[in-house]
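As structure tokens, the structure follows; a few thoughts come after it.
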Amino acid sequence: MTKSSRSLLGRLLFQDKGILPTGRLLIVYACFSGILFAGTLVGLSWTWIFVLNALFLALSLIDLTFSPSKKNIEVKRNIPDQMERGLDYTVELTIHNTSDRDMSYRLLDGTPQSFQATFPLKGKLSGHSTAKPSYHVVTPVRGDYELTRLYFRYRSSLALWEKQKTVETVEKVKVIPDLTETRKVLEDAQRFLLYEGVKIRKMQSGAGEFSKIRNYVVGDDPRKINWRQTAKLREVMTNEYEPEHGKYITILIDCGRMMGAELEKGNRLERSLEAAMTVTAAALQNGDYVSVLAFSRNVKVYIPPAKGMAHLQTILHRIYNLEVDAAESNYAAVLHYVQTVQKKRSLLLLFSDIHTFLHEDNALYYLQRLRRQHLFLMIGIEDDMLVKRIKSEPIDEIQAMMKSMAQKQMLVKKREKSKWEKQGLLMVEAREEKLATTAVSYYIDLMNRGLV
């Protein structure tokens with residue numbers, strides 16, 4: 001393809017500047033050509049045909065004088081610099097027409113290929129006026145993106161020719177994990193868990209830090225009744241305790257090959273990141289220290305432990321662009337690394353694929369050593385296809401064979417899990433939509449029981 005043909009193709013694909021004929025001009029010219037063809041039947045010479053065609057083209061170009069000049073058109077974009085994966089956002093555009101001419105326009109934003117939006121935008125704009133069209137965009141893939149251009153086309157009221165203008169405007173957008181569950185925890189952790197059918201367990205009598213005095217309700221421990229306040233207010237009041245703050249939580253995020261398995265919404269890594277951020281928010285809100293380590297074959301990111309809600313942003317900005325690696329995860333090397341950097345007792349919360357981890361015998365040695373000082377909890381996503389096969393009805397020989405193989409695989413997994421759990425290593429599987437809730441509920445349960 002020659003340079004000139006590539007330039008013409010770019011203009012037709014809304015990618016360049018210049019002037020293009022509109023559909024109306026082509027229809028008018030087709031009718032005009034029909035008249036000229038009829039004229040040839042009655043003796044119209046070719047000279048007159050060329051002259052009339054040139055005259056038609058010249059008269060059509062007068063249409064350009066009724067449309068604004070390119071220097072009188074300004075287009076700006078207002079887009080959030082940070083967007084969450086899978087959520088709907090509104091991008092506002094501002095179009096200024098400083099000329100006296102009216103126009104109708106079409107606009108296309110040069111969004112990255114992964115962005116989901118509907119183009120082109122269409123509208124009309126009078127002279128010396130401003131329009132503020134907008135469009136909705138969904139960003140399903142995390143990472144850093146750059147929007148560099150806006151493509152603008154407009155025409156006059158005659159609509160014979162259309163002008164193109166490419167606006168250079170560079171804006172950077174950061175797509176982060178979906179923090180919907182995280183916001184729910186920050187608003188009210190108890191309400192978040194009750195909504196999912198889980199309740200925060202109460203402290204053992206006399207354990208933890210004193211929190212507040214409240215009204216006694218059915219089910220409270222009678223030994224915690226505050227008799228002084230009960231006598232004073234003439235209502236039964238009870239003391240409420242909460243776990244001691246300042247515990248250490250180490251979140252391990254697997255970025256190996258198996259974490260790229262696709263789910264209904266995203267993949268295992270996407271769900272694990274969202275659940276990890278939810279647990280992080282809950283722990284920081286409770287005053288605990290949180291550190292995060294992401295790994296595959298080697299350590300990809302390590303964030304030292306810190307407390308305070310400002311640390312949530314630090315963690316988010318370090319892990320938001322993690323990607324799945326093609327390599328297998330090296331659990332033994334990573335657990336050895338944890339042993340060297342985390343000297344204080346902590347809860348090791350590993351988000352990974354349990355089926356893959358069960359066959360890592362090399363990691364068992366390091367986990368047995370870590371267990372002497374730390375509490376280990378592994379959370380994975382339940383294999384929905386395996387569960388469906390087990391629950392399916394064996395309507396024929398093939399279905400019966402597939403169900404029996406799924407049951408056998410489940411039995412093998414349970415046997416291997418039992419071997420690890422006998423070493424004191426807790427493993428939990430949850431449905432993808434329940435992963436964040438399960439992780440937070442187990443964290444709160446372990447904190448309430450004072451196991452860390």
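Within the 3.5 Å criterion, the main-chain N or O of S392 finds a donor-acceptor partner in the side chain of K403. Remark: side-chain polar atoms of N267 are paired, donor with acceptor, to backbone N or O of L269 under 3.5 angstrom. A distance-only check finds no donor-acceptor pair linking the side chain of T250 to the backbone of S291 [under 3.5 Å]. Put simply, the side chain of S134 never gets that close to the backbone of T90: no donor and acceptor are under 3.5 Å apart. At distances below 3.5 Å, not a single donor-acceptor pair connects side-chain atoms of H96 with backbone N or O atoms of T130. Panel note: side chain Y89, backbone E84; a donor-acceptor pair is recorded below 3.5 Å.
Minimum heavy-atom separation, K307 to L284: CA-CD2, 4.0 Å. Across all non-hydrogen atoms, the minimal contact from Q285 to V185 is OE1-O, 3.5 Å. Here the closest non-hydrogen pair linking S69 and Y154 is C-OH, 3.5 Å. Minimum interatomic distance between A283 and I249 (heavy atoms only, all atoms of both residues): CB-CG1, 4.2 Å. For N215 against T238, the heavy-atom pair with the smallest separation is O-CG2, 4.0 Å. Across every non-hydrogen atom of R85 and G266, the tightest pair is NH1-CA, 3.8 Å.
Between K300 and D325 a salt bridge is recorded (basic side-chain N to carboxylate O distance below 4.0 Å). Under 4.0 Å is where a charged nitrogen must lie from a carboxylate oxygen, and between R149 and E168 at least one such pair does. A salt bridge links E270 with R142: at least one charged nitrogen is closer than 4.0 Å to a carboxylate oxygen. Using a cutoff of 4.0 Å between basic side-chain nitrogens and carboxylate oxygens, K184 and E187 are not scored as salt-bridged. A salt bridge does not link R431 to E382: none of the charged nitrogens lies less than 4.0 Å from a carboxylate oxygen. E274 and K265 are not joined by a salt bridge, as no carboxylate oxygen comes within less than 4.0 angstrom of a charged side-chain nitrogen.
Annotation: E264, atom CD; neighbour count of heavy atoms from other residues, nucleotides and ligands within 6.0 Å does not exceed 12. M309 CE: more than 12 foreign heavy atoms inside a 6.0 Å radius. Q399 CD: more than 12 foreign heavy atoms inside a 6.0 Å radius. The number of heavy-atom neighbours closer than 6.0 Å to CZ of F115, taken from other residues, nucleotides and ligands shown, is above 12. Annotation for Q313: atom CD counts as buried by contact number, over 12 foreign heavy atoms lying within 6.0 Å. Counting heavy atoms of neighbouring residues, nucleotides and ligands inside a 6.0 Å radius, atom CZ of R371 does not exceed 12 of them. No more than 12 heavy atoms of other residues, nucleotides or ligands lie within 6.0 Å of CD1 in I398, so this atom counts as exposed by the packing criterion. Around atom CZ of R297, no more than 12 heavy atoms belonging to other residues, nucleotides or ligands sit under 6.0 Å away.
With rounding to the nearest 0.5 angstrom, the CZ atom of R101 is 10.5 Å from the CG atom of N72. Here the straight-line distance linking atom CD of E433 with atom CD of E181 works out to 10.0 Å at 0.5 Å rounding. K70 contributes atom NZ, which lies 7.5 Å from atom CD of Q164 (distance to the nearest 0.5 angstrom). Atom CD of E328 and atom OG1 of T356 lie 7.0 Å apart (nearest 0.5 Å). Expressed to the nearest 0.5 Å, how far NZ of K172 lies from CD1 of I79 amounts to 14.5 Å. Separating the CD atom in E432 from the CG atom in D384 is a distance of 7.5 Å, to the nearest 0.5 Å.
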Can you list the steps and then say if E171 with D81 is a side-chain contact (heavy atoms from CB on, under 4.5 Å)?
CA-CA 8 Å; E171 295 186 63; D81 57 356; over 6 Å; no
For a side-chain contact (heavy atoms from CB on, under 4.5 Å) check, start with the C-alpha distance between Y216 and T230, then their side-chain angles and the critical distance, and finish with the verdict.
CA-CA 10 Å; Y216 180 88; T230 298; over 6 Å; no
Which is it for N298 and N330 under the side-chain contact (heavy atoms from CB on, under 4.5 Å) test, yes or no, and what are the steps along the way?
CA-CA 7 Å; N298 301 303; N330 189 343; 5.7 Å; no
Is there a side-chain hydrogen bond (donor to acceptor under 3.5 Å, both in side chains) between Y145 and T139? Walk through the geometry before answering.
CA-CA 10 Å; Y145 298 93; T139 54; over 6 Å; no
Please step through side-chain contact (heavy atoms from CB on, under 4.5 Å) for the pair M410 and R389, ending with a clear verdict.
CA-CA 11 Å; M410 181 64 73; R389 288 296 182 189; over 6 Å; no
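Taking 4.5 Å as the limit, some side-chain heavy atom of L335 sits within range of a side-chain heavy atom of L252. Counting only heavy atoms from C-beta outward, the side chains of R155 and R24 never approach each other to under 4.5 Å. The closest side-chain heavy-atom distance from I303 to H311 is below 4.5 Å. A heavy-atom distance below 4.5 Å is not found between the side chains of I176 and M277. T169 has its side chain out of reach of L147: every pair of non-hydrogen atoms, C-beta onward, lies at least 4.5 Å apart. Taking the side chain as every heavy atom from C-beta outward, Y105 and N97 never approach each other to under 4.5 Å. Side-chain contact between I73 and V75 is present, with at least one heavy-atom pair separated by less than 4.5 Å. For the pair R345 and L375, the minimum side-chain heavy-atom distance is below 4.5 Å.
By the 30° and 60° cut-offs, the orientation of the rings of F357 relative to F376 is parallel. Between Y289 and Y248, the ring planes lie parallel to each other; the angle is under 30°, not in the 30° to 60° tilted range.
The side chain to side chain donor-acceptor pair (under 3.5 Å) test with D254 is passed by exactly one of S296, S352, S272: S352. A side chain to side chain donor-acceptor pair (under 3.5 Å) with R214 is found for one member of N226, D220, N239 and no other, namely D220. Of the candidates T280, T278, T438, N286, Y443 forms a side chain to side chain donor-acceptor pair (under 3.5 Å) with just one, namely N286.
Under 3.5 Å, the side chains of D178 and T180 contain a donor-acceptor pair of N or O atoms.
The distance between the ring centers of F295 and Y337 does not fall below 6.0 angstrom.
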